[in-house]
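Input: a single structure, listed below in structure tokens.
Each ligand, and each atom within it, is numbered from 1 in the order the structure gives.
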Amino acid sequence: MEQPLQVPVGRDIRLADFDPDHHEGFDRDDAEAETRRHCEALDELAYRLFAEARRAVVVVLQGIDTSGKDGTIRMLASGISPQCLDVRSFKAPSALELSHDFLWRVHAAVPPHGRIGVFNRSHYEDVVVVRVRKLVPRGVWEPRYDQINAFEKLLADGGLTFVKCFLHIGKKEQRQRLEDRLRDPKKQWKLGPDDLEDRQRWDDFQKAYDDALTRCNTEHAPWHIVPANRKWYRNLVVARLVRRTLERLDPRFPPFDSSLITRLD
Ligand code: ADP
């Protein structure tokens with residue numbers, strides 16, 4: 001099975017071609033140790049981005065139910081100071097949100113310069129769940145791929161860097177995770193009838209994701225397909241990705257006015 005994290009722009013993406021079990025031969029202990037090292041580096045890089053206050057990053061987390069979005073956020077939050085982080089969750093839209101265009105609530109959630117935003121679900125719900133559950137007709141969701149690409153370009157041109165991650169788990173793994181949730185009193189609250197219904201539409205979701213990943217994989221905002229059957233490997237991949245993104249941006253502390261030193265009485 002091919003296993004690039006990033007697929008060249010313009011190439012068809014079929015999730016069935018990606019192995020959700022892939023783990024580069026890491027074992028759990030090594031992966032967790034490496035993730036901790038990435039998180040330590042991230043803390044310093046995020047602080048520099050915050051001090052620089054000229055650019056922002058947004059980590060977009062998508063995936064089917066139980067794919068590990070919450071766990072990934074917990075990992076990122078363990079490494080990055082809360083003042084540098086801006087976590088937003090996108091649920092089914094409210095009446096107010098529905099009375100605006102679908103990107104309105106997303107634009108409002110974009111992190112300001114200096115911050116790392118994390119989107120727990122995102123505008124991609126508007127071409128995935130909306131399509132699968134037939135919440136709007138095709139004539140409404142079909143133009144959204146181009147609208148999303150234009151929106152992301154606008155933001156990228158304004159200094160926002162996207163790290164779009166699709167957390168890829170297999171159907172068997174999802175069953176196991178749903179079963180764990182059904183049995184664990186601390187996790188049962190996370191489950192609703194929608195989750196079990198959505199599982200029955202597994203193939204439709206995979207197809208809708210294939211299209212979203214293919215059509216919105218752009219130079220300015222590429223997708224990453226993160227093998228996520230193993231939570232510790234998923235964390236390693238995302239931590240490494242965010243670290244590399246920040247290293248590439250290389251945020252700098254603003255210049256220091258040395259005359260301040262003489263002004264301290
Ligand atoms: P999560 O599963 O993310 O932990 P919830 O159980 O509250 O949180 O699920 C949020 C639900 O909202 C998901 O079923 C998701 O598909 C749905 N949702 C998010 N955005 C939209 C949207 N734009 N239109 C319809 N449903 C949406």
| said: Tell me the nearest of S67, A92, G63, S89 to atom 27 (C) of ligand 1, using heavy-atom distances. | reply: A92
| task | Determine whether the side chains of H38 and R243 contain a donor N or O and an acceptor N or O closer than 3.5 Å. | result | yes
| note | To atom 21 (C) of ligand 1, the nearest of R105, E97, K69, R131 on a heavy-atom basis is R105
| field | Nearest protein heavy atom with distance in Å, relative to atom 22 (C) of ligand 1 | value | P93 CD, 3.4 Å
| query | Taking non-hydrogen atoms only, is V130 closer than 4.0 angstrom to ligand 1 via side chain, backbone, both or neither? | reply | side chain
| Taking atom 8 (O) of ligand 1 as the point of reference, which of R133, E197, E125, K91 owns the nearest heavy atom? | K91
| note | Under 4.0 Å from one or more heavy atoms of D126, ligand 1 contributes atoms 23 (N)
| request: Using the side-chain contact (heavy atoms from CB on, under 4.5 Å) rule, pick out the option among V7, L213, D210, T214 that qualifies with R14. | output: D210
| field | Mode of L135 contact toward ligand 1 - side chain, backbone, both, neither (heavy atoms, under 4.0 Å) | value | side chain
| Of all the atoms in ligand 1, which lie at a distance below 4.0 Å from a heavy atom belonging to V129? | 16 (O), 25 (C), 26 (N), 27 (C)
| Are Q62 and Y209 close enough that a side-chain donor and a side-chain acceptor fall under 3.5 Å? | yes
| task | Could you pull out, from K190, H123, R121, the option with a heavy atom nearest to atom 2 (O) of ligand 1? | result | R121
| task | Identify whether the distance between the nearest side-chain nitrogen and carboxylate oxygen of R48 and D250 falls below 4.0 Å. | result | yes
| Taking the inter-plane angle between the rings of W223 and F166 on a 0 to 90° scale, is it parallel (under 30°), tilted (30 to 60°) or perpendicular (over 60°)? | perpendicular
| message | Would you say H123 and E152 are linked by a side-chain donor-acceptor pair, where the criterion is simply a distance under 3.5 Å? | response | yes
| task | For the residue pair R55 and T161, confirm or rule out a side-chain donor-acceptor distance under 3.5 Å. | result | no
